[in-house]
There are 2 protein chains.
Amino acid sequence: MDESKALYFAGVDFGGTAAKIGVVDERGTLLRRSRLEIDPAQSYEEIFSAVSAQIQQMSEAEAVPLAAIGIGAPGFIDRREGRVLQGSENLPAFKERSLVTYLASAHDIPVFADNDGNCAAAGELKFGVGQEYSHFVMITLGAGVGGAIVIDGRVHRGSRGLAGELGHICLDPNGPWCSCGSRGCLEQYASAPAIVACYAQKRAKRSEAFRRDPQLLKLTPKEVFQRAGSGDVAAEEVIQETARRIAQAFGTLVNLMDIQACIIGGGVSAAGEELVEPVRRYLPDFAWPLPLSGVQVHAAGLQNDAGILGAAAQAWERLEG
Amino acid sequence: MDESKALYFAGVDFGGTAAKIGVVDERGTLLRRSRLEIDPAQSYEEIFSAVSAQIQQMSEAEAVPLAAIGIGAPGFIDRREGRVLQGSENLPAFKERSLVTYLASAHDIPVFADNDGNCAAAGELKFGVGQEYSHFVMITLGAGVGGAIVIDGRVHRGSRGLAGELGHICLDPNGPWCSCGSRGCLEQYASAPAIVACYAQKRAKRSEAFRRDPQLLKLTPKEVFQRAGSGDVAAEEVIQETARRIAQAFGTLVNLMDIQACIIGGGVSAAGEELVEPVRRYLPDFAWPLPLSGVQVHAAGLQNDAGILGAAAQAWERLEG
């Protein structure tokens, strides 16, 4: 590879109903982006031929050669073959298929697929607040809770590529049942639906009718944060409780991993300091002072296009070997 | 280094009141061992001149040249300088001193010091059941609970060498207060004193006098396991509860690290399958099925001389670079 040449990457971020696609340079500038709606009835070939066409168009329009393509998707993804092992319920065409073979063959460049939590951490490492650290953990708070652990400047993937399921560490063995079959997982306290449901429940307990208002369940976490800011005591309590659970998870990771930073990403992290400040405040309850010393707590640096940038970043990281 | 020559290491395992010292070959055979009582009033120089003399004697008696000296001690130990950062309350002379400088100067060979939990994992990796795995976690159950994480065939030390505090991950934020200042740490459920205290408490609740028998607090965990084997229901319950908490900690690590095995060491692990079997049985309650698939749960392979062998093993591991 000619060292003097700038590198460009395509990033593909698969969500439940759409793929976000973009072309990214080495500084994390998103040169071009698009969104492709996906129908769950579409076949593997239909989805990837459309994705491939978009990548081709963008790369030609920018007149940049791509060094690699990175793909991020939910679920457990086999690191070597890019095969979706589990968790592709929203995209049945991907079940047990490799996410890399079609594009690798169509574009004749390296293609790497990884879990979206790993991509988020790779994105922070290459382009976000993680650039300052070589050891950190990241959680992503959205419809579910994911995450990843970065060790010595690389995303830790474990023996088979399944590492980093931070959303499913058990914070309370008597806590609420989780979709994964365990109880008291972080996801049950800190996902967007959990935050909203907790708020609706608290309001119901404080209403004269003792009834849960179905309208409240349609709120976004952002609106719960806004209500807290406007003096809604129930909303403020929800944020404190959520922050305390996140701090418990981070405390476990501080004690286990001797990290330099804890990063909160995903849609919920748009709340910024409203969420980060109480996490930082509760963290000493759950970590040894010595490994905690110097540990920084941040909201993610990448927000709206974190998925595309993260997918591209993990491809870059893995291209480096 | 001449590749054809066999390597020999000295291992020094500092406990609260004694140092165990030995000379070990590459297969983990303990050629010679000794025990040196330590008085908390002794100075750093007094302790290490005695240790140094023992190492010298053993190496001469066996007529083997030592490749390195390994030291294991409780507490947080700075990886690079071997300095005791915290946790040397039983050996005040070590406070904030480097454990390697005296011996390195006296013997003119590499000396490496590490936390006893890290040494235990290094010992299993080089000489014990960990030889079969490149990714595993280990907990050591004794007066306290320690542990370590092995990644890609090396003990994970984190950004400053403080990683692996498995005894202090919070399993229940409303659990019993721990000496570390947190609540519900694994150590509060699975250390030797915790197991015995839990048994004494259960028996008190089941006695006519509703009184805790002080004699019961003098039992060893081994005796609690023996009572369980003889049909003592309270003892059996204690073992089930302890095993379930250990499984919770292991489940967290399975989800986080994508490991191949969980190893239980320390004095309590002498119970063998009596403890390991229920841990194995409870583990699926706390881990995703996919990362859990294929994960083995073992008692440690090294027992009585695990401390010396582990100290020697970590020196060997680090000599390799």
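Chain identifiers are assigned alphabetically (A, B, ...) following the order of the sequence lines, protein sequences preceding nucleic acid strands; residue numbering begins at 1 within each chain.
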If I measure from the heavy atoms of chain A, does [X] come under 4.5 Å with its side chain, its backbone, both, or neither?
X: B:H156; answer: side chain
X: B:R245; answer: side chain
X: B:A148; answer: neither
X: B:I259; answer: backbone
X: B:L290; answer: both
X: B:S179; answer: neither

Tell me if a side-chain donor or acceptor on [X] pairs with a main-chain N or O of [Y] at a distance below 3.5 Å.
X: A:N115; Y: A:F76; answer: no
X: A:Y44; Y: A:P92; answer: no
X: B:Q240; Y: B:P278; answer: no

Check your understanding: Salt-bridged, A:D285 to A:R244, with N to O below 4.0 Å?
Key ->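 Here A:D285 pairs with A:R244 in a salt bridge, since their nearest N and O are under 4.0 Å apart.
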
When heavy-atom pairs shorter than 4.5 Å are enumerated against chain B, which of [options] gives the highest number?
options: A:M257, A:Q86, A:R157; result: A:M257
options: A:T252, A:V254, A:I169, A:L162; result: A:L162
options: A:L171, A:D172, A:D152, A:L166; result: A:L171
options: A:E165, A:Q248, A:R160; result: A:R160
options: A:A163, A:S182, A:S159; result: A:S159

Practice item. Counting only heavy atoms closer than 4.5 Å, note whether A:I149 contacts chain B via side chain, backbone, both or neither. Key: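 Answer is side chain: those atoms of A:I149 sit under 4.5 Å from chain B.
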
Practice item. Check whether any side-chain heavy atom of A:N90 lies under 4.5 Å from a side-chain heavy atom of A:F14, and answer yes or no. Key: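 Not touching, per the 4.5 Å side-chain cut-off.
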
Review point. Taking the side chain as C-beta and beyond, is there a heavy-atom pair between B:S134 and B:Q260 under 4.5 Å?
Key: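 Result yes, sub-4.5 Å side-chain heavy-atom pair found.
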
Exercise for review: Classify the ring geometry between A:H298 and A:Y133 as parallel (under 30°), tilted (30 to 60°) or perpendicular (over 60°).
Suggested key: tilted

Review point. Between B:C178, B:P173, B:C180, B:A249, which residue shows the highest count of heavy-atom pairs closer than 4.5 Å to chain A?
Key: B:P173

Exercise for review: Over all heavy atoms of both residues, which pair between A:A299 and A:V129 is shortest? Give the atoms and the distance, please.
Suggested key: O-CG2, 3.9 Å

Exercise for review: Rounded to the nearest 0.5 Å, what's the gap from NZ on B:K126 to CD on B:E317? Could you check?
Suggested key: 6.5 Å

